[in-house]
Amino acid sequence: MAKQARAVQTWRSIVDAAASVFDDYGYERAAISEILRRAKVTKGALYFHFASKEAIAQAIMDEQTKTVEFEQEGSPLQSLVDGGQQFAFALRHNAMARAGTRLSIEGVFLGGPHPWGDWIDATARMLELGQERGEVFPQIDPMVSAKIIVASFTGIQLVSEADSGRADLREQVAEMWRHILPSIAHPGVIAHIKPEGRVDLAAQAREKAEREEQEARIAAEAKEAGSDPATDTGSRPGGAGLRGGGSARGTQAGDEGDEEPAGAGVTAAGGAA
């Protein structure tokens with residue numbers, strides 16, 4: 001059990017560190033030595049989990065899709081809009097999302113899975129659900145529309161990055177939806193859709209950061225006073241915000257021996273501005 005936990009921790013450390021390196025340098029200029037430095041693991045540990053740099057990149061591609069969760073209840077179109085705004089927010093604050101997007105744009109997966117396939121499939125499923133619930137026009141081809149939506153989002157985030165470092169991405173994505181929704185959805189449904197998303201994710205992240213800062217202060221004061229903050233129910237963490245880099249996936253348990261991480265892994269998500 002300890003070996004399995006250690007293997008998962010090592011895998012997570014490598015993927016998170018690699019995401020930050022790919023985000024900074026892109027695929028071609030990303031060096032294994034820099035991934036090792038940021039992950040604080042040995043070369044043997046890295047190659048125990050990944051056969052190549054391309055395999056690490058593919059893992060990041062798989063992980064980036066976990067930054068978005070489409071709600072299955074309520075309006076499928078609103079859930080689709082909310083998911084797009086979740087990813088727009090992640091592109092500003094989550095290295096995993098940025099790295100996965102950069103890798104897709106660079107097209108490093110020659111002969112491998114379509115880099116946009118997961119996003120297109122997920123979008124098409126939500127459009128199909130919208131048709132079943134009477135929100136989306138029956139004549140719409142979900143797969144065709146899904147490709148247009150994903151391509152539009154990709155182009156908009158690139159323009160936003162160039163214009164403002166993605167500072168205006170939330171509004172730009174909202175404008176995308178204002179243009180696309182009339183071509184796929186009934187007017188009566190559009191009137192109830194919020195193109196900017198139902199949740200202000202930036203405000204939510206700030207509240208979470210403030211809550212964590214307060215909890216850390218309470219814990220520090222309790223420690224200084226000689227009490228155990230773990231017994232103080234008032235200092236327990238509240239709900240979580242947007243997932244940063246997805247959940248850690250299980251890996252094959254093995255004896256890494258001396259290939260255990262020398263320190264904690266790098267977190268993919270950055271702080272919210």
Side-chain angles (χ1 to χ4, degrees), residues 19-30 57 60-61 63-70 77-109 114-124 126-127 145-185 190 193-206 208-209 241-246 267-273:
S20 70
V21 174
F22 287 132
D23 179 31
D24 289 342
Y25 299 107
Y27 182 80
E28 292 298 334
R29 294 196 301 128
I60 290 170
M61 289 292 301
E63 285 291 293
Q64 69 149 341
T65 60
K66 297 178 183 178
T67 58
V68 173
E69 292 179 336
F70 293 115
L77 278 180
Q78 184 65 68
S79 295
L80 189 56
V81 169
D82 290 347
Q85 290 292 6
Q86 283 181 36
F87 195 63
F89 182 81
L91 283 170
R92 291 194 63 196
H93 305 294
N94 187 318
M96 192 71 67
R98 291 192 300 272
T101 298
R102 181 167 183 170
L103 290 168
S104 298
I105 292 169
E106 290 180 353
V108 301
F109 302 97
H114 191 297
W116 309 110
D118 287 343
W119 292 114
I120 292 171
D121 290 344
T123 301
M126 294 306 295
L127 292 175
S145 295
K147 290 179 180 179
I148 292 172
I149 291 169
V150 171
S152 298
F153 183 97
T154 302
I156 284 172
Q157 68 87 18
L158 283 173
V159 172
S160 176
E161 181 184 20
D163 283 347
S164 66
R166 297 193 178 103
D168 66 346
L169 186 53
R170 183 186 187 199
E171 180 53 34
Q172 292 302 315
V173 172
E175 283 298 332
M176 179 195 83
W177 284 114
R178 292 186 185 106
H179 281 73
I180 290 178
L181 285 172
S183 68
I184 64 173
I190 297 173
I193 299 295
K194 295 182 177 180
E196 68 280 1
R198 285 176 289 192
V199 178
D200 186 341
L201 296 168
Q204 187 181 75
R206 285 193 297 270
K208 181 174 183 287
L242 176 67
R243 280 188 302 152
T267 301

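- Test Ile148, Val150, Ile149 against Ile120 for side chain to side chain contact (heavy atoms under 4.5 Å, CB included) and you get one pass: Val150.
- The two atoms that bring Val173 and Ala88 nearest to each other are CG2-CB, 4.1 Å, heavy atoms only.
- Between Gln86 and Val68 the shortest heavy-atom distance is OE1-CA, 3.5 Å.
- Counting only heavy atoms from C-beta outward, the side chains of Thr101 and Arg98 never approach each other to under 4.5 Å.
- Trp116 is not listed as a side-chain neighbour of Lys147, based on a closest heavy-atom distance of 4.5 Å or more.
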Can you list the steps and then say if Arg102 with Tyr27 is a side-chain contact (heavy atoms from CB on, under 4.5 Å)?
CA-CA 8 Å; Arg102 181 167 183 170; Tyr27 182 80; over 6 Å; no
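- Across all non-hydrogen atoms, the minimal contact from Met126 to Phe70 is SD-CB, 3.8 Å.
- Remark: Ala167 engages Arg92, Ser164 in a side chain to side chain contact (heavy atoms under 4.5 Å, CB included) (not counting sequence neighbours).
- Between Trp177 and Leu77, every side-chain heavy-atom pair lies at or beyond the 4.5 Å cut-off.
- In plain terms, the two heavy atoms of Asp23 and Ala99 that are nearest each other are N-CB, 4.0 Å.
- Residues Asp168 and Ser160 come closest through the heavy atom pair OD1-OG, 2.5 Å.
- Residues Leu91 and Phe153 have side chains in contact (heavy-atom distance under 4.5 Å, counting atoms from C-beta outward).
- Taking all atoms of both residues into account, the shortest heavy-atom contact from Arg198 to Asp82 is NE-OD2, 2.5 Å.
- Counted by atom type alone, Arg170 and Gln85 present zero donor-acceptor pairs between their side chains at under 3.5 Å.
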